[in-house]
Q: 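Pasting a structure below so you can have a look.
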2 protein chains.
Amino acid sequence: MATYAELSKEELQQKKEQLTKLYKEWQGKGLTLNMARGKPSAEQLDLSIGLLNNIVEEMDVVREEKNIDLRNYGGLEGINGARELLATMLEVEPEDILIYGNSSLNMMFDTVSRAWVKGILGNTPWGKLDKVKFLCPTPGYDRHFAICEYFGIEMIPVEMHEDGPDMDVIEKLVSEDESIKGIFCVPKFSNPQGIVYSDEVVRRFANLNPKAKDFRIFWDNAYCVHYLYDEIKILNIIEETRKTGKEDMVFEFCSTSKVSFAGAGISGMAASEANRKDALASMTVQTIGHDKVNQLRHAIFFERGKKVAEHMKKHAELLRPRFEIVINALEKNLGGKGIGTWGNPKGGYFITFESMEGCATRIVQLAKECGVVMTGAGAPFPYHKDPHDSVIRIAPSYPSREELREAAEIFTICVRLASVEKLLGEI
Amino acid sequence: MATYAELSKEELQQKKEQLTKLYKEWQGKGLTLNMARGKPSAEQLDLSIGLLNNIVEEMDVVREEKNIDLRNYGGLEGINGARELLATMLEVEPEDILIYGNSSLNMMFDTVSRAWVKGILGNTPWGKLDKVKFLCPTPGYDRHFAICEYFGIEMIPVEMHEDGPDMDVIEKLVSEDESIKGIFCVPKFSNPQGIVYSDEVVRRFANLNPKAKDFRIFWDNAYCVHYLYDEIKILNIIEETRKTGKEDMVFEFCSTSKVSFAGAGISGMAASEANRKDALASMTVQTIGHDKVNQLRHAIFFERGKKVAEHMKKHAELLRPRFEIVINALEKNLGGKGIGTWGNPKGGYFITFESMEGCATRIVQLAKECGVVMTGAGAPFPYHKDPHDSVIRIAPSYPSREELREAAEIFTICVRLASVEKLLGEI
């Protein structure tokens with residue numbers, strides 16, 4: 001089979017007509033589909049419905065353990081059971097963990113905010129500096145970039161390789177430029193590519209020699225236990241930085257948003273003792289403490305971590321077929337045509353599609369006009385600027401399988417149509 | 001009966017011996033009592049134990065209402081039922097309300113933080129200004145002062161009168177000084193004095209003419225429904241500022257911390273549409289949204305507000321006897337002695353005792369050494385500096401009645417002892 005690039009103008013015109021006909025047929029159905037949002041499906045949420053049950057009896061037990069009434073004030077660092085749960089997920093010790101509310105994004109935002117207003121461990125508040133820069137492995141998570149943009153942090157894109165971000169660039173830049181204060185990473189099943197950082201990459205992170213004393217790695221381990229197939233391990237950044245004596249360089253985040261309830265889970269941060277103390281000194285001014293009753297619910301439901309692996313297998317059973325529907329549609333309809341590539345992730349929430357240069361915006365537009373909402377082209381890039389206008393993030397988790405089959409089919413039609421337009425010089 | 005000031009040196013010496021004997025007897029008992037913390041008692045928390053029951057069935061209803069799955073992402077402004085609940089408490093419309101997490105303190109802190117980093121409604125971020133000042137009605141709530149101190153906001157104390165803070169001073173200062181950006185108020189049953197702002201005071205607030213366009217009243221209506229006896233109304237600041245066309249000047253806060261669970265309630269802010277939009281623009285970067293399942297629990301348990309008044313009567317039944325134990329002990333042991341005055345609040349969580357000048361620190365120390373922990377002297381003042389060293393905040397809510405009887409008895413012995421020491425020139 002010929003790739004599209006090998007087709008003559010006439011053949012392309014002919015393809016365009018066929019594809020336009022197909023496109024209009026789908027358009028005529030007036031569908032409303034969505035592959036934009038990395039949201040768990042209702043079936044996934046149902047897996048944790050036990051969280052909503054009566055926990056009054058178990059409550060007395062835990063109350064005793066901490067010698068505080070969990071319904072009352074106190075316990076800023078979180079209850080033991082919740083710290084054990086997140087420690088299990090991150091493979092650290094419970095005492096490494098600080099518990100936050102239902103949003104790890106909120107914890108990341110507040111961590112940057114603290115650095116901005118108060119400074120980290122006695123260093124100059126970032127808000128007092130002329131320039132603060134973050135390195136941004138790209139494509140990446142749009143909400144990380146939004147935090148940087150909010151604070152006026154200059155974002156420096158760093159290319160992603162198959163085993164993590166370009167460490168040569170990162171090592172060089174952080175060692176030379178004191179205004180580089182941080183980097184956001186999703187080390188396991190990265191958003192959006194699903195890339196898993198290699199041992200070498202993690203070790204090189206743990207060995208960084210930043211010029212800024214208050215440089216911090218924001219290690220957003222959002223998908224630490226979110227496998228589609230078998231378990232995949234990455235090196236533990238907390239352990240590795242302990243070996244290199246650089247444990248203050250890392251804040252590691254995680255949450256149960258995609259374990260229990262997306263909107264009503266618990267989140268936390270693993271960090272060195274110095275970093276935790278620094279955070280607590282601000283948190284004690286900011287809040288009366290996070291919801292310990294919800295922490296307790298999670299501690300009980302997941303047996304302080306013991307039940308997580310088994311529970312995540314149930315999520316995988318719901319997610320795996322959805323990922324496979326999309327991957328199969330891509331292979332069937334786009335394979336061998338030379339008009340796009342895509343990842344085949346083994347975990348996480350996204351599939352990344354890369355179109356021919358300059359087609360992503362058009363594909364997303366075509367999809368939208370055919371009833372399929374995709375994440376905006378450019379979203380996975382700092383300032384929403386995809387230099388090649390080629391990356392599209394596909395989120396297969398939320399729609400039903402039937403909806404997903406339709407959405408994936410339509411998406412591949414849009415890709416073919418936009419590619420033909422591109423080759424015809426129309427876009 | 002003679003006041004202590006009228007006693008001769010010999011009589012004072014004799015009193016001192018008697019009181020010291022009494023004090024040592026109590027000390028010998030090795031008690032551990034606490035009147036420091038404005039925490040609800042376990043009996044109060046038990047009133048809301050129904051919140052922990054199974055709500056799965058009711059959940060489906062509300063899910064339909066908003067057309068979103070409350071367990072999932074989305075709904076940054078809060079669910080209808082929760083907005084109705086807090087709107088009932090604040091006597092505003094549900095659409096005036098933004099819902100936050102379990103801590104209204106967190107919402108206040110974040111509101112200052114937003115002003116600090118981004119500025120309010122397009123004004124210069126406070127963090128970029130040379131000087132930011134807040135007016136602080138004094139005595140006041142130590143955690144408000146802690147927020148100011150955290151951000152390096154200069155605190156200007158304003159005296160409290162029986163009907164609210166000194167409005168002459170406030171009107172003058174805000175109209176003259178553009179660096180005055182805010183004021184923290186607890187308008188109903190103020191912390192710590194239990195003062196209720198008069199209609200005139202509220203109206204004068206609503207008519208303020210601040211020089212700073214981004215001056216904001218942080219109206220912390222923490223005890224809006226927290227009566228010990230009959231309901232007491234204050235003028236509605238949201239309504240009053242609407243009348244004067246100054247609705248952007250107010251952020252009004254409240255929470256269910258002392259309605260449901262101190263550590264696991266919901267909180268919110270009533271504000272103008274412009275202020276809410278401004279807040280949401282930051283919140284959408286900061287968080288995936290607050291815990292909607294907990295919002296739902298509260299909406300169901302309190303029937304979207306209908307059950308609040310009845311529920312608060314049960315709290316009052318538990319709190320009222322505790323307040324009366326303290327007030328009775330003060331009257332019985334200190335009445336007519338000229339060594340202190342105290343308020344008799346009709347709601348809220350605190351009683352304020354004012355000793356002779358220069359005695360508060362000594363009283364708190366004596367109490368501590370006799371097994372009774374009090375809020376630190378100076379805590380209700382900016383920078384912990386009570387100019388007269390006379391104000392002591394008494395929190396009667398948490399101990400059992402029996403404990404409270406002992407603690408109040410000991411406290412009055414400490415007051416008498418410190419007063420005698422003072423009159424003898426020993427402190």
Q: Would you mind telling me which of A:F151, A:Y398, A:Y150 has the largest number of heavy-atom pairs within less than 4.5 Å of chain B?
A: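 When all of A:F151, A:Y398, A:Y150 are compared, A:Y150 has the most.
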Q: Under 4.5 Å, counting heavy-atom pairs only, tell me which of A:M283, A:R143, A:K292 racks up the most with chain B.
A: A:R143
Q: Please confirm whether the ring centroid of A:Y383 lies under 6.0 Å from the ring centroid of A:F145.
A: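 No; A:F145 has its ring centre 6.0 Å or more from that of A:Y383.
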Q: Does any non-hydrogen side-chain atom of B:Y223 lie less than 4.5 Å from one of B:Y349?
A: yes
Q: Does any backbone or side-chain atom of B:S260 lie under 4.5 Å from a heavy atom of chain A? Answer side chain, backbone, both or neither.
A: neither
Q: Please confirm whether the backbone N or O of A:L121 pairs with a side-chain atom of A:K277, one donor and one acceptor, at under 3.5 Å?
A: no
Q: Is chain A contacted by the side chain of B:F261, its backbone, both, or neither, given a heavy-atom distance below 4.5 Å?
A: both
Q: When you measure from the side chain of A:S267 to the backbone N and O of A:G101, does any donor-acceptor pair fall under 3.5 Å?
A: yes
Q: Do B:H311 and B:F302 have their ring centres less than 6.0 Å from each other?
A: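 Between B:F302 and B:H311, which both carry aromatic rings, the centre distance is below 6.0 Å.
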Q: Mind ranking A:T284, A:V117, A:V285, A:N294 by heavy-atom pairs under 4.5 Å with chain B and telling me who comes out on top?
A: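 It is A:V285.
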Q: Is there a donor-acceptor pair under 3.5 Å between the side chain of B:K258 and the backbone N or O of B:G38?
A: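 Side chain of B:K258 to backbone of B:G38: a pair is present.
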Q: For chain A, which of B:V112, B:N72, B:L105, B:N102 has the most heavy-atom pairs under 4.5 Å?
A: B:N72
Q: If you count heavy-atom pairs within less than 4.5 Å of chain B, which of A:N106, A:I147, A:D110 leads?
A: A:N106
